[in-house]
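Working notes, beginning with the structure itself.
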Amino acid sequence: MKLNKGILFVLLGAGCFGFTPIFAKLGFSYGYSLGEITIVQMIISSFLLWSFTLLKRSSFKGLNKKNILQIMITGCFVGLTSIFYYGSMQYLPASLAIVLMFQFVWIGIILEWIFTKIKPSPTTLLSIILILIGVFFASNIANGDIQGLPVKGFVFGILSAFTYAGFIFFSGKIAVHVDAWTRSSFMVTGSTILVLILFMRDIPTVLPLEKNLLTTAVGVSLFGAVLPPLFYAVGAPLVSGGIANILTSIELPIAILSASLILSETVTPLQWLGTAIILAAIALNELGTNYFKSKRMVRDEEEMKRA
């Protein structure tokens, strides 16, 4: 029963991320700039997360000046991911922007290799190849549908993948002993400061806060920064890390499906094939790696018994 509850909450958290493109695109359709949307999103996210943290009376144990700064710097990757991801959606269909951002999977593997010297296994290398094949189909290159789309959109999309991979990597290394809600609040604070600095010129245009801008910002805040951590905090401890990573990949088809149904974007069968290949590659990497680890552990135990 616990496993089912864990799976449900992790899926809900990942599913929430899949709806952020709807609100971002909505904001752009109202004529708001990238800076205006991101500023209000980060301020609302910061307010809501700190409210949850203080109401829950989360622990501040283990915090010091050094790791607070490290946590806030790590949080800057969240702000950069939002900027690049939404920036990509200014120029590209949301379904393509999410595919580009999802390259964080193999980029994260490369970061792990560079910083921890852990060489990718053959299964992982095969997964990377499959992901790149999936991207080929999911981006609709085969049909030539990406011709004429601004290069800037693709650059922003890939940058969002790098910053998101950076966030996942460093957030798993920095002050991991600190309460998760407290860490998240400091992270979003660092992200908010960065966004305010980068879009300083847009700050005066945010006020007075219009209803449409508030609706857009609340949407991207709730579905992008508040609800996912809340659901993950409940569900992730109830499932294994490998299963959690597979479940979070549900964000990709949900984002593409919502872009198709709500934003009326055309998604071809080849794009769905590419999406399926990417999801299969993620599952292969997680399940295959865990399988070989367990086999290695069993073999080592048997060798120890013989000795």
Side-chain angles (χ1 to χ4, degrees), residues 17-18 20-29 31-39 41-42 73-115 128-129 131-170 191 194-202 216 220 224-225 249 251-252 255-256 259 263 265-268 270-271 274-275 277-278 281:
F17 274 124
T20 52
I22 297 171
F23 293 98
K25 283 283 192 180
L26 183 65
F28 292 135
S29 71
Y32 297 116
S33 69
L34 175 62
E36 290 170 330
I37 293 172
T38 314
I39 286 171
Q41 176 206 3
M42 289 303 164
I73 290 173
T74 302
C76 289
F77 283 100
V78 178
L80 289 172
T81 300
S82 293
I83 292 168
F84 293 138
Y85 184 33
Y86 302 154
S88 178
M89 278 187 270
Q90 276 189 301
Y91 304 99
L92 304 177
S95 55
L96 180 52
I98 183 65
V99 167
L100 293 173
M101 197 271 278
F102 236 77
Q103 302 318 296
F104 77 84
V105 177
W106 65 265
I107 292 171
I109 294 169
I110 301 300
L111 287 178
E112 192 81 26
W113 189 3
I114 293 172
F115 287 101
I128 292 175
I129 294 170
I131 288 172
L132 294 175
I133 292 172
V135 171
F136 176 80
F137 290 113
S139 61
N140 230 10
I141 294 174
N143 290 337
D145 287 353
I146 66 170
Q147 292 180 4
L149 294 175
V151 174
K152 189 183 291 186
F154 289 93
V155 173
F156 279 152
I158 291 298
L159 286 175
S160 73
F162 273 98
T163 53
Y164 192 40
F167 167 69
I168 292 173
F169 177 81
F170 290 110
S191 179
L194 174 71
V195 167
L196 289 173
I197 292 172
L198 292 178
F199 294 109
M200 196 176 296
R201 292 182 179 180
D202 289 313
T216 298
V220 289
S249 64
E251 172 194 349
L252 179 58
I256 293 176
L263 299 177
E265 292 185 0
T266 301
V267 182
T268 67
L270 273 181
Q271 286 178 285
T275 302
I277 292 173
I278 292 172

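What's counted below: heavy atoms across the whole structure, side chains too, no hydrogens, waters or symmetry copies. Numbers here are sequence positions counted from 1.
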Side chain to side chain contact (heavy atoms under 4.5 Å, CB included) partners for Glu265, two or more places apart: Lys25, Pro93, Ala94, Ser95, Ala259, Leu263
field: Inter-residue atom distance Ile107.CD1 - Phe169.CZ, 0.5 Å rounding
entry: 14.0 Å
task: Evaluate the side-chain proximity of Ile22 to Leu26: yes if any heavy-atom separation is below 4.5 Å, no if none is.
output: no
query: Heavy-atom distance under 4.5 Å between the side chains of Leu80 and Phe162, does that happen here?
result: no
Euclidean distance, Phe199 CZ relative to Leu194 CG, rounded to 0.5 Å: 9.0 Å
task: List the steps, then state whether side chain to side chain contact (heavy atoms under 4.5 Å, CB included) holds for Phe136 with Leu132.
output: CA-CA 6 Å; Phe136 176 80; Leu132 294 175; over 6 Å; no
Within-4.5 Å side-chain heavy-atom neighbours: Ile277 and Ile131: no
task: Measure the spacing between CG of Leu34 and CZ of Phe84 and express it to the nearest 0.5 Å.
output: 10.0 Å
query: Is there a donor-acceptor contact under 3.5 Å from the side chain of Ser88 to the main chain of Gly153?
result: yes
task: Measure the shortest side-chain to side-chain distance between Met101 and Met89 over non-hydrogen atoms and say whether it is less than 4.5 angstrom.
output: no
- request: Compare all side-chain heavy atoms of Ile168 with those of Leu111 and state whether any distance is below 4.5 angstrom.
  value: no
- request: Applying side chain to side chain donor-acceptor pair (under 3.5 Å), name anything that partners Gln90, two or more places apart in sequence or on another chain.
  value: none
query: salt bridge (charged side-chain N to carboxylate O under 4.0 Å, His left out): which pairs involve residues 93-110, sequence neighbours left out?
result: none
task: Of all the heavy-atom pairs spanning Gly79 and Met42, show the shortest one and how long it is.
output: CA-CE, 3.8 Å
- prompt: By side chain to side chain donor-acceptor pair (under 3.5 Å), which residues pair with Tyr91, not counting sequence neighbours?
  reply: none
query: So how far is it from Ile256 CD1 to Leu252 CG, rounded to the nearest 0.5 Å?
result: 4.5 Å
message: What's the separation between atom CD1 in Ile278 and atom CH2 in Trp106, rounded to the nearest 0.5 Å?
response: 12.0 Å
- prompt: Going through the checks in order, is the side chain to side chain contact (heavy atoms under 4.5 Å, CB included) test met by Tyr86 and Gln41?
  reply: CA-CA 12 Å; Tyr86 302 154; Gln41 176 206 3; 3.3 Å; yes
- prompt: Among pairs that include at least one residue of residues 94-112, which meet salt bridge (charged side-chain N to carboxylate O under 4.0 Å, His left out), considering only residues two or more places apart or in two chains?
  reply: Glu112-Lys173
- line: The complete set of side chain to side chain donor-acceptor pair (under 3.5 Å) pairs with one or both residues in residues 148-168, sequence neighbours excluded, reads Thr81-Thr163
- line: The reported gap from CD1 in Ile39 to CG in Leu196 (rounded to nearest 0.5 angstrom) is 6.0 Å
query: Of the non-hydrogen atoms in Ala255 and Ile98, which two are nearest, and what is the gap between them?
result: CB-CG1, 3.7 Å
- prompt: Step by step, would you call Thr20 with Tyr85 a side chain to side chain contact (heavy atoms under 4.5 Å, CB included)?
  reply: CA-CA 10 Å; Thr20 52; Tyr85 184 33; 3.9 Å; yes
- request: Report the C-alpha distance between Thr266 and Gln271 in whole Å, list the side-chain angles of each, state the deciding distance to 0.1 Å, and finish with yes or no for side chain to side chain contact (heavy atoms under 4.5 Å, CB included).
  value: CA-CA 10 Å; Thr266 301; Gln271 286 178 285; 5.7 Å; no
query: Where do Gly108 and Ala165 come nearest, in terms of heavy atoms and distance?
result: N-CB, 3.8 Å
